[in-house]
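Encoded as structure tokens, the structure appears first; notes follow it.
Side-chain atoms are counted along with the backbone in the values below, which use heavy atoms only and exclude waters and symmetry mates. Bear in mind the structure is a predicted one, so any value in this text is a computation, not a measurement. Convention: sequence-line order gives letters A, B, ...; per-chain numbering from 1.
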Amino acid sequence: MKNVRIWFEKKGSARFISHLDLTRCMTRALRLSRLPVWYTQGFNPRVYMAFAMPLSLGAYGEKECMDIRLTEEVPLEDVARRLGERLPEGLPVRGAAEPVYRLEDAAWADYELFLEAGDPAGLMDKLQALLAQETIPVMKHTKKGEREMDIRPYFQGMEIHREEDGVSGRVRLPCSTAGSVNPALLLDALGQYTGEEPLVQITRKGLLTQDFSEFR
Amino acid sequence: MYPKEVEKLLPRVQKPGRYVGGELNSTVKDRADVDVRFAFCFPDTYEIGMSHLGIKILYGAMNQVPYFWCERVFAPWTDMEQLMRENHIPLYALESGDPLTAFDFIGFTLQYELSYTNILNMLDLAGIPLRSEDRPELFNLVVAGGPCACNPEPLADFFDLFFLGDGEEVDLEVMELYRRCKRENKSKKEFLRLAAQIEGVYVPSLYQVEYHEDGTVKSYTPTDGAPATVKKRNMMDLDHTYYPESFPVPMIEVVFDRISVEVLRGCIRGCRFCQAGFLYRPFREKSIDAIDRQCRALCESTGYDEISLASLSTSDYGELFALIDRLHTWTEPDKVSISLPSLRVDNFSPELMERINSVRKTGLTFAPEAGSQRMRDVINKNVTEEELLRTVETAFAEGWNRIKLYFMIGLPTETMEDVLAILELGKKVVDTYYAKKDRPGGRAVEVSLSAAAFVPKPFTPFQWFGQDSGEMLQEKQHNLRGANHSRRISISYHGAETSFLEAVFARGDRKLCRVLEAAFRAGQHFDGWDDCFDFDKWMRAFADCRIDPDFYATRQRPFDEVFPWDHLDYGIRKEFLQRECEKAYRGETTPNCREECSNCGAACFKGGICVEKRAHLV
């Protein structure tokens with residue numbers, strides 16, 4: 001038995017499918033690839049798959065990963081190719097490798113945000129004013145209901161840049177089984193405090209471990 | 001791929017995966033390489049449309065031709081529709097993201113009457129004029145096929161042409177004709193005149209309708225050389241009829257998320273309420289080799305681990321056990337399960353259940369359709385109470401403890417006694433469970449009885465029948481529920497109001513086009529969904545158009561009345577239907593096609609069971 005970590009992108013149409021739908025797509029593609037995948041043992045055997053932190057609906061994932069188990073040795077480049085050929089265009093495979101960290105070692109994620117605007121300077125001002133507030137309370141929707149949360153500590157270090165057709169930003173946020181901060185909360189705050197609701201593209205660039213090394 | 005402007009809306013709607021395309025096996029062609037573009041529109045949500053077999057067959061058949069490109073379009077749910085209207089985004093196709101106005105053909109499948117308002121809504125959302133006469137160019141042709149095309153008159157003003165019967169060939173022939181007419185710069189009128197000469201094509205604008213003073217049809221007169229009767233198209237040899245080797249695999253979960261392979265077309269049974277049982281005659285089977293080949297191809301292209309052997313009545317497939325055994329030689333090692341969508345009470349056996357190992361032992365559904373034997377004889381549902389009880393006994397012995405039984409109320413000649421017999425039958429099923437000595441302890445039996453209101457349909461022996469009034473149906477439902485004192489039995493209904501509307505449009509004429517448009521303008525759509533259906537608004541639309549819906553639904557029609565669908569020929573003769581109707585009222589049954597030919601008329605297609613039987617008599 002060999003654990004293999006598959007690296008893929010979640011983009012285009014595939015950005016709009018839920019995590020559960022993603023697992024179904026992967027199951028079908030793994031079956032189609034005819035790779036010797038390990039099935040869970042039980043009354044309803046299923047293809048074994050494990051993911052690091054799920055990506056929120058609509059976000060672009062540049063470096064997503066999924067672990068599978070193979071019952072026979074297959075060259076890693078063949079694993080990547082055979083699976084990649086069988087996935088829809090929105091889920092291209094970028095590689096397969098032996099896992100370095102455990103899935104639960106993921107602790108942070110780097111995000112890139114792009115906010116489209118006809119008046120980039122105006123949006124830039126509003127965003128700067130928002131980030132300069134002493135506190136930025138927003139409502140966070142959780143399974144237990146709504147609760148207020150101050151997002152300023154998470155976003156105060158965010159780098160923002162004016163672009164030709166909008167504003168871009170980079171931010172590093174907690175992303176682990178112990179708790180995550182969704183970058184979309186900043187957009188909720190923007191809407192709430194400035195009334196701006198620009199078209200936004202969120203990209204998760206990749207995951208990091210507790211000590212900020214690249215999650216591999 | 002979806003248009004860029006849509007991206008902004010997607011985070012704000014439920015299930016955005018419905019609107020983005022990009023599925024495995026979806027066909028994307030270069031616009032410059034294709035001559036004819038067809039938008040296949042399913043007038044319901046993505047999850048329902050993507051579960052439909054017909055769209056998969058025709059999508060594949062069209063896209064096989066290099067210069068045709070078929071794309072998919074579904075009705076956006078109300079949240080998305082509202083955002084699209086607010087942002088002036090026209091309805092678009094999932095493959096190219098192009099608006100419907102870019103297509104040569106806008107083709108709808110007519111699966112049930114309550115989706116008609118969605119059709120108008122989809123055209124409107126695309127900015128396409130609703131009425132055929134308001135689209136003078138040979139472009140944006142609005143066409144339709146599917147079971148409800150057997151009486152398309154309530155839609156006649158909106159559509160340019162209808163496909164009757166099996167679509168695998170006739171759709172392509174019409175597209176081919178269009179391609180030629182385009183090249184020759186012909187007008188839309190010339191194209192329609194030529195299309196009407198193709199078997200299986202009905203061009204409503206070429207028929208003049210006259211009505212009697214009482215509102216019934218006096219005559220249909222063909223013009224411009226159109227045939228007096230339009231015969232449905234029939235694919236006789238299913239083994240050599242196009243069947244897709246792959247189809248788009250939805251990324252989000254849909255209603256039937258599995259492979260469907262059609263194993264036979266038509267039905268031998270002749271249940272008198274069932275329109276499909278008559279429309280799709282004659283009964284034709286695919287060979288085991290063809291089914292096996294198609295199942296393998298689809299498993300290898302989709303990655304699904306479940307195959308449904310689809311048809312109107314799969315347990316009537318002649319060599320069902322041999323078929324399943326053949327499939328098992330490879331499906332078992334590949335961990336693919338096989339399911340049967342419809343089981344008949346009289347074909348259920350432990351041997352069959354052993355072979356369908358994937359069936360979860362939670363619930364089992366059967367459709368006795370009526371509670372009393374007398375009533376089952378009237379509808380020609382040739383199933384006896386003994387057979388049903390034997391079947392549930394088998395099911396209980398095999399470990400099931402939840403049984404769902406489907407019934408109809410409001411059937412011709414039905415009395416309150418017949419209605420209450422539904423409950424009696426339910427009680428006998430419960431008793432059968434407790435009569436078993438070796439039943440597992442600690443588990444109670446659950447029997448749910450579902451009673452839908454009967455809707456009389458064209459091309460059935462009950463096409464003359466006046467549907468029960470809403471009050472009558474409600475009284476029957478009330479009595480049935482009131483009589484139930486068992487905690488083991490639950491009773492559910494299907495709305496009497498939607499069934500009334502369904503009955504109006506099923507047997508309607510062209511005068512209803514106005515009502516349909518008025519209801520749509522009043523905001524009606526997704527009528528098949530309880531959260532959208534508004535009966536009062538519908539009744540107001542009828543009143544505004546001065547049309548009495550009871551004329552269509554509840555009026556008992558005389559045998560000599562001319563129907564709005566009499567000029568459409570599905571092979572089934574009206575005399576046969578009348579004979580069956582008279583037998584029904586006498587409580588006489590008719591044997592199935594395997595036992596004996598009842599001379600329905602489908603033998604005119606010269607194939608299927610109609611000729612097999614003769615061979616066996618020789």
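- Looking at A/A184, neither its backbone nor its side chain comes within 4.5 Å of chain B, counting heavy atoms on both sides.
- Side-chain contact between A/F8 and A/R94 is absent, with no heavy-atom pair separated by less than 4.5 Å.
- Looking at B/Y304, both its backbone and its side chain come within 4.5 Å of chain A, counting heavy atoms on both sides.
- Looking at B/N25, neither its backbone nor its side chain comes within 4.5 Å of chain A, counting heavy atoms on both sides.
- At a heavy-atom cut-off of under 4.5 Å, chain A is reached by no residue from residues 79-87 of chain B.
- A side-chain N or O of B/S96 and one of B/E71 form a donor-acceptor pair less than 3.5 Å apart.
- For a residue to count as touching a neighbouring chain, one of its non-hydrogen atoms must lie under 4.5 Å from one of that chain's; by this rule B/K15 does not touch chain A.
- With hydrogens and angles left out, the side-chain atoms of B/S301 and B/E245 include no donor and acceptor closer than 3.5 Å.
- For A/D21 and A/S18, the side-chain atoms include at least one donor-acceptor pair closer than 3.5 Å.
- Looking at A/R28, both its backbone and its side chain come within 4.5 Å of chain B, counting heavy atoms on both sides.
- Within 6.0 Å of the NZ atom in B/K8, the count of heavy atoms belonging to other residues, nucleotides or ligands does not exceed 12.
- For the residue pair A/Y60 and A/E9, a side-chain donor N or O sits within less than 3.5 Å of a side-chain acceptor on the partner.
- In this structure, the separation between CG on B/L323 and CD1 on B/I338 is 7.5 Å, given to the nearest 0.5 Å.
- Per-residue heavy-atom pair counts under 4.5 Å with chain B were compared for A/L30, A/L20, A/I17, and the maximum is reached by A/I17.
- With no hydrogens or angles considered, no side-chain donor-acceptor pair links B/D30 and B/W69 at under 3.5 Å.
- Contacts of A/R15 with chain B are made by side-chain atoms alone, with heavy-atom separations under 4.5 Å and no backbone atom involved.
- Atom OH of A/Y48 has more than 12 heavy atoms from other residues, nucleotides or ligands within 6.0 Å.
- A/Y39 carries B/K335 over the face of its six-membered ring, with the cationic atom under 6.0 Å from the centre and within 45° of the normal.
- Of all the listed residues (B/D257, B/V249, B/T302), the one sharing the greatest number of non-hydrogen pairs under 4.5 Å with chain A is B/T302.
- If you tally non-hydrogen atom pairs under 4.5 Å between each of B/C299, B/P250, B/G303 and chain A, the highest count goes to B/G303.
- In terms of heavy-atom pairs under 4.5 Å with chain B, the best-connected choice from A/L22, A/L32, A/V200, A/L91 is A/L32.
- With a 4.5 angstrom heavy-atom cutoff, B/S26 does not touch chain A via any of its atoms.
- Other residues, nucleotides and ligands contribute only 12 or fewer heavy atoms inside 6.0 Å of the CZ atom of A/R34.
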